[in-house]
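Scope of the values below: all heavy atoms of this structure, side chains included, with no hydrogens, waters or symmetry mates.
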Amino acid sequence: MKITSYTFKDLFIEDSLRIDYSFISLSNRNYQESYSFTDIFQEVTSNTVRDIPSGKFRYCQIGDVDSNGTVNPVSLDFENEDRDFENVDYYKKIRNNDIIKVKKGDILISSIRPNLKKIIYIDETKEDIFFTNAFIHLRSVDLRYSLINYFILRDFFLNDIISVARVGKGYPTIKFSDLRYINFDKTTIDKIYSNGENNFSIISAKYQEIQKLLQESITRFDFCNEIFSKKFFWDLSEFQKIKENRVFYRDSSIFVNSNDLRMSFHFNHPIRSYIISTLQNQNFELLKNLTTERITLGQSIKPEEYVSDGMFSNYYYVSMNTIKTWDFNADEAKLVTSEYYLSNYENKSVAMGDVIIARSGEAIGKTSLIPKNVEGIYADFTTRVRVDKNKILPEYFYYFTLTDFFRSLIMTDYSGLQNKNIYPKNLGDFPIPMIVLEEQKEIVRDIEYSMKKEEQKKEKAHVVYSEIIKLLSAL
């Protein structure tokens, strides 16, 4: 156990009287000579977007960024807002002024969970992207060192950023005013700058190599669309054409024959009937006939049923937050008490091969395949699909959920205006394309082989990145 003594005077360095150990330790660290945070970085406040962009534009939220600083923005167009039912939440955010503009050389830091390294350098490929104002927007005081400063934040002083983050009952958060308490060792910074200047052309070339590797990456969604459409002869061009249809007509008999008189634009959009008819024209089965247990909603939880500090548990609460990256992320999951887990184990537990589907809110339709060695309870805003492995492989069904066909079924079948919801009964009536198990295995192998090749690109990018850090840190 490490014990450090501080005086009350040490606690008064910050207006809100922070007493967390990491912050106090950092704030009282003394360098022989140092640069303040504002000696190197300034906060950009003149980034307001007064008018909604016209025509097509790209927009990026924190969830659209990975730990490599790679962005995967969505393409939006307010002229087509009423038919873009997949991105409705993005339009709402922008109308509420959750949008900023950036310039080449700027740096963005996620204000939530800075330990995830969602730090972005704005190069020429990103300067036309608009971002959420949930990022802290920085600009180098000396623009010559913009790229070098990006590496300084991501690697050399990342722990300092984590130390000044505020940790409450939720996730760590950070503001620019917190960053101001960071001081940089002058000797270290001067050496990094000197190395950067001496090797700037090499570093720039290596950075471009990294970006090329990452930008050429193909997503798992692309692979799933390509391989499923090839197997089942889906016409994705026709699909896209129908999906973009803005004006269509429906006979009144459609509403009369509907049990709940659903009259929304998205539910009656032609793309829904196109997908269903395409799937039903081939060998298919309804999802509810492919499960070993009923598709059900998850379990709610009380604050006291989470594990408190100092308590031990291996049981996860599988919430929408844990599957927002389309994989189960244990780092996002809170732990629950063994009493809560055991009392809900019989009907609400997860097992390897379960597919969890977010059924509400912004994450609606996101899915995850539960890996081995995960014990937990799935949350009330998720549903669990436990397939019959004698009929359909869990991996095959999971990859189908990543296709545009499945995602469009979700986005045309939800209910609710302010809060979107998709219910187990609706999911159970979705048609699933069926082939024999051996052919399902082939599709799974093809997708996973393609994904492995993409992972190799990322691994190569990591190697090049480490070469940059080695150049900057050379003695």
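- The shortest non-hydrogen separation linking D331 to N329 is N-OD1, 3.0 Å.
- Listed here is the closest heavy atom pair of Y59 and D98: OH-O, 2.5 Å.
- Using a 4.0 Å cut-off between charged side-chain N and carboxylate O, K175 and D178 make no salt bridge.
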### Query
Hey, mind stepping through K453 and F223 against side-chain contact (heavy atoms from CB on, under 4.5 Å) and telling me if it holds?
CA-CA 11 Å; K453 289 176 68 175; F223 290 132; over 6 Å; no

### Step-by-step side-chain contact (heavy atoms from CB on, under 4.5 Å) determination, F400 to V355
CA-CA 11 Å; F400 174 65; V355 175; over 6 Å; no

### Message
Before you tell me yes or no, could you show the steps for Q440 and M434 under side-chain contact (heavy atoms from CB on, under 4.5 Å), namely the whole-Å CA-CA distance, both residues' side-chain angles and the distance that decides it to 0.1 Å?
### Response
CA-CA 8 Å; Q440 292 180 32; M434 291 300 293; 4.1 Å; yes

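- With hydrogens and angles ignored, the 3.5 Å screen pairs no side-chain donor or acceptor of D404 with any backbone N or O of N225.
- Between A461 and L214 the shortest heavy-atom distance is CB-CD2, 4.0 Å.
- Contact check for Y90 versus Q61: side-chain heavy atoms found under the 4.5 Å cut-off.
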Under 3.5 Å, which donor-acceptor pairs link side chains of residues 51-58 to any protein atom two or more places apart or in another chain?
unit_1 : atom_1 : unit_2 : atom_2 : d
R58    : NH2    : T125   : O      : 3.1
R58    : NH2    : D128   : OD1    : 2.7

Identify all side-chain donor-acceptor contacts of residues 41-49 below 3.5 Å with residues at least two apart in sequence or on another chain.
unit_1 : atom_1 : unit_2 : atom_2 : d
N47    : ND2    : V44    : O      : 3.4
N47    : ND2    : H137   : ND1    : 2.9

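- Atom OG1 in T403 sits 12.0 Å away from atom CG in D222 (nearest 0.5 Å).
- Within the 4.5 Å cutoff, the side chain of V102 has no heavy atoms near those of the I129 side chain.
- Residues forming a side-chain contact (heavy atoms from CB on, under 4.5 Å) with E439 (at least two apart in sequence, or on another chain): K231, I435, V436.
- Aromatic pair W234/F405: centroids less than 6.0 angstrom apart.
- Counting all heavy atoms, side chain and backbone alike, S313 lies closest to L335 at O-CD1, 3.5 Å.
- Residues Q211 and E124 fail the side-chain proximity criterion, which asks for heavy atoms closer than 4.5 Å.
- In this structure, the separation between CZ on R407 and CD1 on I364 is 13.5 Å, given to the nearest 0.5 Å.
- You'll find the side chain of S67 stays beyond 4.5 Å of the side chain of L116, heavy atoms only.
- Taking 4.5 Å as the limit, every side-chain heavy atom of I189 sits out of range of all side-chain heavy atoms of K186.
- At a threshold of 4.0 Å, the pair D66-K458 does not count as salt-bridged, since none of the basic side-chain nitrogens sits closer than that to a carboxylate oxygen.
- No side-chain N or O of D160 forms a donor-acceptor pair with one of S163 less than 3.5 Å apart.
- Within the model, atoms CD of E332 and CE of M320 stand 12.5 Å from one another, a figure rounded to the nearest 0.5 Å.
- The only member of I119, N115, I152, L153 that meets side chain to side chain contact (heavy atoms under 4.5 Å, CB included) when paired with L158 is I119.
- Not counting sequence neighbours, the partners of Y396 by the ring pair (Phe, Tyr, Trp, His ring centres under 6.0 Å) test are F228.
- Between atom OG1 of residue T383 and atom CD1 of residue I356 there is a gap of 7.0 Å, rounded to the nearest 0.5 Å.
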N/O donor to acceptor pairs below 3.5 angstrom from side-chain atoms of residues 371-378, sequence neighbours left out:
unit_1 : atom_1 : unit_2 : atom_2 : d
Y378   : OH     : T296   : OG1    : 2.6

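- Contacts of S110 classified as side-chain contact (heavy atoms from CB on, under 4.5 Å), with partners at least two apart in sequence or in another chain: I62, I112, K118, F135.
- The closest side-chain heavy-atom distance from R180 to V164 is not below 4.5 Å.
- With rounding to the nearest 0.5 Å, the separation of CG in L76 from CZ in F130 is 10.5 Å.
- Under the 3.5 Å distance criterion, the side-chain polar atoms of S473 are matched with a main-chain donor or acceptor of I469.
- Applying the side-chain hydrogen bond (donor to acceptor under 3.5 Å, both in side chains) test to R386 and every residue at least two apart in sequence or in another chain returns E293, D354.
- Not counting sequence neighbours, F200 has no partner by the ring pair (Phe, Tyr, Trp, His ring centres under 6.0 Å) test.
- Within the structure, every pair that satisfies the ring-ring contact (aromatic ring centres under 6.0 Å, His included) test and touches residues 145-167, not counting sequence neighbours, is listed here: Y121-Y150, Y145-Y193, F151-Y465, F157-F184.
- The residues E454 and K457 are annotated as salt-bridged, a charged nitrogen and a carboxylate oxygen being separated by less than 4.0 angstrom.
- With sequence neighbours left out, S36 forms a side-chain contact (heavy atoms from CB on, under 4.5 Å) with T38, D39, N183.
- V65 has its side chain within reach of V71: a pair of non-hydrogen atoms, C-beta onward, lies under 4.5 Å apart.
- Nearest heavy-atom pair across S450 and I227 is OG-CD1, 4.4 Å.
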### From CA spacing to verdict: side-chain contact (heavy atoms from CB on, under 4.5 Å), S146, I107
CA-CA 8 Å; S146 295; I107 299 171; 5.8 Å; no

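- Ring-plane geometry between F78 and Y91 is classed as perpendicular, the angle between the planes exceeding 60 degrees on a 0 to 90 degree scale with a lower cut at 30.
- Side chain of R220 to main chain of I447: no donor-acceptor pair is present (N/O by atom type, distance under 3.5 Å, no hydrogens or angles).
- Scored by the side-chain contact (heavy atoms from CB on, under 4.5 Å) test, N421 finds R359, S360, N419, Y423 as partners (sequence neighbours excluded).
- For Y35, there are no ring pair (Phe, Tyr, Trp, His ring centres under 6.0 Å) partners, not counting sequence neighbours.
- S204 places no side-chain N or O within 3.5 Å of a backbone atom of S201 that could act as its donor or acceptor partner.
- Contact check for P73 versus D64: no side-chain heavy atoms found under the 4.5 Å cut-off.
- Distance CG/D380 to NZ/K348: 9.5 Å, rounded to 0.5 Å.
- The heavy-atom pair separating L369 from G353 by the smallest distance is CD1-O, 3.6 Å.
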